[in-house]
Amino acid sequence: KYTLNDGNEDTIISSKKEGYETFKSTISGFAEKAEGSSNLLRIWAVDNAGNESSPRIFAINVDTTAPSVSDVKFAQGSETQKDASNVILSNKTKTITVTGVCSDVSVIAENGSSGIDTVSLKLGTVEKNATISKNDGTWSIEIPTTDLENLSGSITLPITVKDKAGNIASGNSLSLK
């Protein structure tokens, strides 16, 4: 049996597999909670005689908040700037480095199910993944000159941030000439 957030009791049917009772169930009703509170799932076993075990209690957090990205900067060689729109890459001889800061909701589960998963930048049809610092959320993506060789005209580099719960934030595109 189980309860969610001290609601009504419900029953999960178990089956015997390799000498053990197992169960699998879809439990709905989880909600995003304010910081410092969680969904409480209580699960306990009941045998055929009606004897009940002590409940196991699980605190479950639900993350539906998209992460954010800020302080995006572009560097080519020793020049760093926030806007890449005035940079001309006609010789394509210098690696481009894009950096920024990303953050997610402060609810961090012990099992690592919240927090930033990936930061990526799309260069034409190629997706470049960032190196992310887990300490402060800073990230960087390097675009080597070999990836720039076949590009021409004005190019938009959309940045996407995804957290471990699957929430996605897009935006903060950079434009290159």
From the options I96, I141, N129, V126, select the one residue that forms a side chain to side chain contact (heavy atoms under 4.5 Å, CB included) with L121.
I141
Determine yes or no for a side-chain-to-main-chain donor-acceptor pair under 3.5 angstrom, with T97 supplying the side chain and E142 the backbone.
no
Distance col, row I57:CD1 vs I43:CD1, nearest 0.5 angstrom, shows 10.5 Å
Are any non-hydrogen side-chain atoms of T99 and V72 less than 4.5 angstrom apart?
no
Rounded at 0.5 Å granularity, tell me how far CG in L123 sits from CG in D147.
6.0 Å
Listed by chain and number, what are the salt bridge (Lys or Arg N to Asp or Glu O under 4.0 Å) partners of R56, not counting sequence neighbours?
none
Spacing of S15 atom OG and Y20 atom OH [to the nearest 0.5 Å]:
14.5 Å
For the hydrophobic clusters of this structure (ILVMFWY residues joined by side-chain heavy atoms under 4.5 Å, transitively), does one cluster hold both I12 and V46?
no
All heavy atoms of E127 vs all of S120, minimum pair found to be OE2-OG, 3.5 Å
Nearest heavy-atom approach of P55 to W44 is CA-CB, 3.8 Å
Examine distances only and state if a side-chain atom of D136 and a backbone atom of T138 form a donor-acceptor pair shorter than 3.5 Å.
yes
Step-by-step side chain to side chain contact (heavy atoms under 4.5 Å, CB included) determination, W139 to V69:
CA-CA 10 Å; W139 55 268; V69 64; 3.6 Å; yes
So does A45 get a backbone contact from the side chain of S53, meaning a donor-acceptor N/O pair under 3.5 Å?
yes
Where do I143 and T95 land on the side chain to side chain contact (heavy atoms under 4.5 Å, CB included) test, with the steps shown first?
CA-CA 6 Å; I143 306 170; T95 296; 5.6 Å; no
Measure the spacing between OG of S68 and CG of D163 and express it to the nearest 0.5 Å.
10.5 Å
Start with the C-alpha distance between D10 and T3, add both sets of side-chain angles, then the distance that settles side chain to side chain contact (heavy atoms under 4.5 Å, CB included), and finish with yes or no.
CA-CA 6 Å; D10 208 344; T3 63; over 6 Å; no
List the atom of C102, the atom of V161, and the distance in Å for their closest heavy-atom pair.
CB-CG1, 4.2 Å
Strictly distance-based, threshold 3.5 Å: is any side-chain N or O of D71 a donor or acceptor partner for the main-chain N or O of V101?
no
Distance from L40 atom CG to D6 atom CG, nearest 0.5 Å?
6.5 Å
How far does CZ of F30 sit from CD1 of I60, to the nearest 0.5 angstrom?
4.0 Å
Smallest separation among heavy atoms of I116 and S103, with atom names:
CD1-O, 3.7 Å
What pair of heavy atoms forms the shortest contact from N5 to G29, and how long is it?
ND2-O, 4.4 Å
Could you tell me whether E9 and K1 make a salt bridge, using a distance below 4.0 angstrom between a side-chain N and a carboxylate O?
yes
Salt bridge between K164 and D104, side-chain N to carboxylate O under 4.0 Å?
no
Does NZ belonging to K128 count more than 12 external heavy atoms closer than 6.0 Å?
yes
